[in-house]
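Taking it in order: structure first as structure tokens, then the write-up.
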Amino acid sequence: FLEDLPDVDEPVWILGACYDLKTKKSELLSDVRSRLWFTYRKKFSPIGGTGPSSDAGWGCMLRCGQMILAQALVCRHLGRDWRWDPEKRQPKEYHRILHCFLDKKDSCYSIHQMAQMGVGEGKSVGEWYGPNTVAQVLKQVCLCFISNLLKMCSRCRCIASPSQRPLDWRPLLLVIPLRMGINSINPVYIQAFKECFKMPQSCGVLGGKPNLAYYFIGFIDDELIYLDPHTTQQAVDTESGSAVDDQSYHCQRTPHRMKITSLDPSVALGFFCKSEEDFDSWCDLVQQELLKKRNLRMFELVEKHPSHWPPFVPPTKPEVQTTGAEFIESPDKLFESEEEFEILNV
């Protein structure tokens, strides 16, 4: 636990923020507590009308996917420096974000919606997910082609020279599924993996151990810091538009740590770019910190779509046959524009 941190001089990194344990421990704990924490829930309406009413035992990676998406929404609407205080009134944007993740079929990012999306990826409701499948459920991009991302994140579909790019940019959550080894993480990737948590755009990592999913938010020395979804709580029943009882959506216990070498090699990296400048900065950091300094690269970042690859086709909403948990918009839209938050997939 964080209260028993190793006695090292190394700083703690949490989603792009650096903390000195000797002087900033309270700020560190406040940062961790402010992250939205989604866990197993029970006694919600059956998924699909006749499916399970609890995700205990199978929904942990979906909950981690919710956490990485919620972190992007918090950065977009509240800012990375926003902190949760149980004694203070929270802004309306915060409650609108929470409403999107309530365990109801008409919440746009609920366990109901995500489990039904998984059907389109070949996963039955109630089946365990891996990081790659959750990344596909979130409809994000795997291999990064800069020109394709610019096409998707720009309201104008025609991207020419930088001087001709449109000014209207849609915030981007980029999820990159990787496998950093065969049966265990290859040590040659560890330093580059840690560098990802130092980037200001860091949105965390999906991963864990076989059949145990965790949401990793930082590291200290050779240990990862993570939020654990394996706690079963009662589903929160809240009327549309009303404030959410949010005590159970923040981990007020100290989060867990694990050795990086114990990590399963299958992970998904998350990054949030609010603006085009933010995306360009991320590309520069990837080139400087991950690609140029090390011979063995975790992933490739290229400028243009390779000519020998099939043409890039922007993704559309998946057509999945459901049994009651239809893909519907939340009645309380999170954004003024339904196209403000871009989701990618190739």
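I225 and L21 fall within the same hydrophobic cluster, where Ile, Leu, Val, Met, Phe, Trp and Tyr residues are linked whenever their side-chain heavy atoms come under 4.5 Å apart, directly or through other members.
Without hydrogens or angle criteria, T39 side chain to H230 main chain gives no donor-acceptor distance under 3.5 Å. The backbone N or O of H256 lies less than 3.5 Å from no partner atom in the side chain of D228, so there is not a single donor-acceptor pair.
A donor-acceptor contact under 3.5 angstrom links the side chains of Q71 and R35, judged on distance only.
For the residue pair W128 and G57, the shortest heavy atom distance occurs at CD1-O, 4.4 Å. Closest heavy-atom contact between W282 and C273: CB-SG, 4.1 Å.
Checked against the 6.0 Å centroid criterion, the rings of F101 and Y109 qualify as a close aromatic pair. Separation of the H250 and W84 ring centroids falls under the 6.0 Å cut-off.
Put simply, the side chain of L227 reaches to within 4.5 Å of the side chain of M67, judged on heavy atoms. Between I185 and I190 the shortest side-chain heavy-atom distance falls below 4.5 Å.
Within the cation-pi definition used here (under 6.0 Å to the ring centroid, within 45° of the axis), R63 does not qualify as a partner of Y249.
Of the residues listed (K104, H112, K105), the one engaging S45 in a side chain to side chain donor-acceptor pair (under 3.5 Å) is H112, and it is the only one.
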Please report, to 0.1 Å, the donor-acceptor pairs under 3.5 Å made by any side chain of residues 197-207, with sequence neighbours excluded.
{"from": "Q201", "atom 1": "NE2", "to": "D278", "atom 2": "O", "distance (Å)": "3.3"}
{"from": "Q201", "atom 1": "NE2", "to": "D278", "atom 2": "OD1", "distance (Å)": "3.1"}
{"from": "S202", "atom 1": "OG", "to": "G204", "atom 2": "N", "distance (Å)": "3.4"}

Side-chain atoms of residues 85-92: list all donor-acceptor pairs with protein atoms under 3.5 Å, sequence neighbours left out, distances to 0.1 Å.
{"from": "D85", "atom 1": "OD1", "to": "E87", "atom 2": "N", "distance (Å)": "2.9"}
{"from": "Q90", "atom 1": "NE2", "to": "D85", "atom 2": "O", "distance (Å)": "2.9"}
{"from": "Q90", "atom 1": "NE2", "to": "K88", "atom 2": "O", "distance (Å)": "3.3"}

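For R80, the side chain to side chain donor-acceptor pair (under 3.5 Å) partners are D31, not counting sequence neighbours.
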Report task. Starting from the C-alpha separation in whole Å, work towards a yes-or-no answer on ring pair (Phe, Tyr, Trp, His ring centres under 6.0 Å) for W82 and Y94. Result -> CA-CA 10 Å; W82 169 82; Y94 166 80; 5.2 Å; yes

Query raised in the report: So D20 and K25, salt bridge (Lys or Arg N to Asp or Glu O under 4.0 Å) or not? Walk me through it.
Result: CA-CA 7 Å; D20 185 333; K25 187 173 182 179; over 6 Å; no

